[in-house]
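Proteins come first, then strands; the chains are lettered A, B, ... in the order of their sequence lines, and each starts at number 1.
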Amino acid sequence: MWNAYTLLFVVFVALLLGLLAWALRRPSRRPPALPASASLDELGPIHCQHFLIFQQVFAAGDRKYLARHASRRLCRRVRAERRHVAKQFLAGLGEDFARLNHLAVIVARLSPKVERRAEWRRFRLVARFQLLYAFVWLDLALGGSAVREIVQLTRLIGSTSSRLEAAIYELGKFATRQAETT
Amino acid sequence: MTGLARSVQWLWALTVIVQMAVLGLIFLKGHFRRLPLFTAYIALNLCQAGFLFVIYLRSGFHSYTTFLLAWTSEAITLLARVLATTELLGLVLRPYRGIWALGWRVLAVTSIVVLMFAGAEAGRDMKWAIMLADRGFHLALAVALVSVLLLARYYSVPVHRVYKTILGGFCFYSCTVSLTTTFSRTFFLHKFALYEALWNAATLLPYIAVQVVWALALRSSLPVTEERPALLPTSVYNEVTPLVHARLRLLNDRLVEMLHI
């Protein structure tokens, strides 16, 4: 009685209803407003600030020393703990990514003009990041050695460019002006 | 009314009652000032019910005149629905000029794509052309609405509870009409005896449900003044966006390297 086309159509409409429910559900957090200038620093990367500690924990010298002088059991335990730390740090990097994206969303929302292409590009970047992030997390969970790469990644996010800082500063000035007028 | 089952007549009467309740609430609460097109849509639906009642009495349920006039009135109410939806979306998104500019493009593109698909499909089956075109139209409206609501969610644009309920109702109803038409066609083609009664019930019941939900929502007040957020100078967007994108892109590249993809 039901052909493939009908079934496909039903699935499509069901998907549409699911998306509608998701779009209409109450947001888990309050809509982001333009933050006060004092909290603008929070929009930049935070977890990257712990980069030095992270680097120290993963110093290659320590690993070599342990391999020479410690038992296999201890080495295994250290490796497992390092992986755990790496995972937590990766989660922090994810938050930093989300924070950067959040900044872009606020700016786009409050801009009188947004670029279609730029917004689409960011949407794709976010989707891609989510996917890749999941893969790296899985890699770490399965005992992979992505630690070196995380160090590189951290350097990257942590080095907030002066131009971005200047833009955030401008945003802060605007927020202050708005606060004064209201 | 010849040709209409008693149960359908009851459902129809119920539809008129809930629509009148919705219209009454709109005027009682003064929502008509803020939502003139939505008010017109509800009023037009009531007029359509009265019009169809007269047509069915005079020409019967299955005559060609009835068919022609009923679908003409349906086309007019569909147009009113589009206008009401656009009005609501405008109220939600227009204060955010950039997002609204993006939103109406999304609305236009998704509608055109789905309508083209619906048009092609309706053209393939002339016997069901009008029904399929109607289904395509409802589907286009649902897709466009969901796209814009997703956009609003992505940008965390606040949507008032009443607007959310009305828009959700429009979308839900359009989805059910699309499904009903699909199932009806299958039932009709397989000569299912209760096809007509089922079609009527499946169309009217969701409509009544939506009207009831709207009536409940419309008891609340609408925002007194339209939210007018202070917008940033365009230069900030032009400055910040490429920088953030560059950072996000680099992050992605590094993640790719980490995975050696």
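Nearest heavy-atom pair, A:Leu20 versus B:Phe172, reported as atom, atom and distance to 0.1 Å: CD2-N, 4.1 Å. Counting all heavy atoms, side chain and backbone alike, B:Tyr154 lies closest to A:Val105 at O-CG1, 3.8 Å. The minimum heavy-atom distance linking A:Ala108 with B:Ile99 is given by the pair O-CD1, 3.8 Å. B:Tyr155 and A:Arg109 get closest at one heavy-atom pair: O-CD, 2.7 Å. Smallest separation of non-hydrogen atoms from B:Lys164 and A:Arg25: NZ-O, 4.1 Å.
Of the two parts of B:Leu150, the backbone and the side chain both hold a non-hydrogen atom closer than 4.5 Å to a non-hydrogen atom of chain A. When heavy atoms are compared at a cutoff of 4.5 Å, B:Ala101 does not approach chain A at all. In this structure, no portion of B:Arg161 lies under 4.5 Å from any heavy atom of chain A. Using a 4.5 Å cut-off between heavy atoms, B:Val143 contacts chain A through both its backbone and its side chain. Both the backbone and the side chain of A:Phe123 come within contact range of chain B, with heavy atoms under 4.5 Å apart.
B:Trp71 CH2: more than 12 foreign heavy atoms inside a 6.0 Å radius. The local environment of CZ in B:Arg105 is crowded, with over 12 non-hydrogen atoms from other residues, nucleotides or ligands closer than 6.0 Å.
Within the 4.5 Å cutoff, side-chain heavy atoms of A:Val13 are placed close to those of B:Leu139.
With rounding to the nearest 0.5 angstrom, the CG atom of B:Leu145 is 9.5 Å from the CG atom of A:Leu16. Rounded to the nearest 0.5 Å, atoms OG (B:Ser174) and CG (A:Leu17) are 10.5 Å apart.
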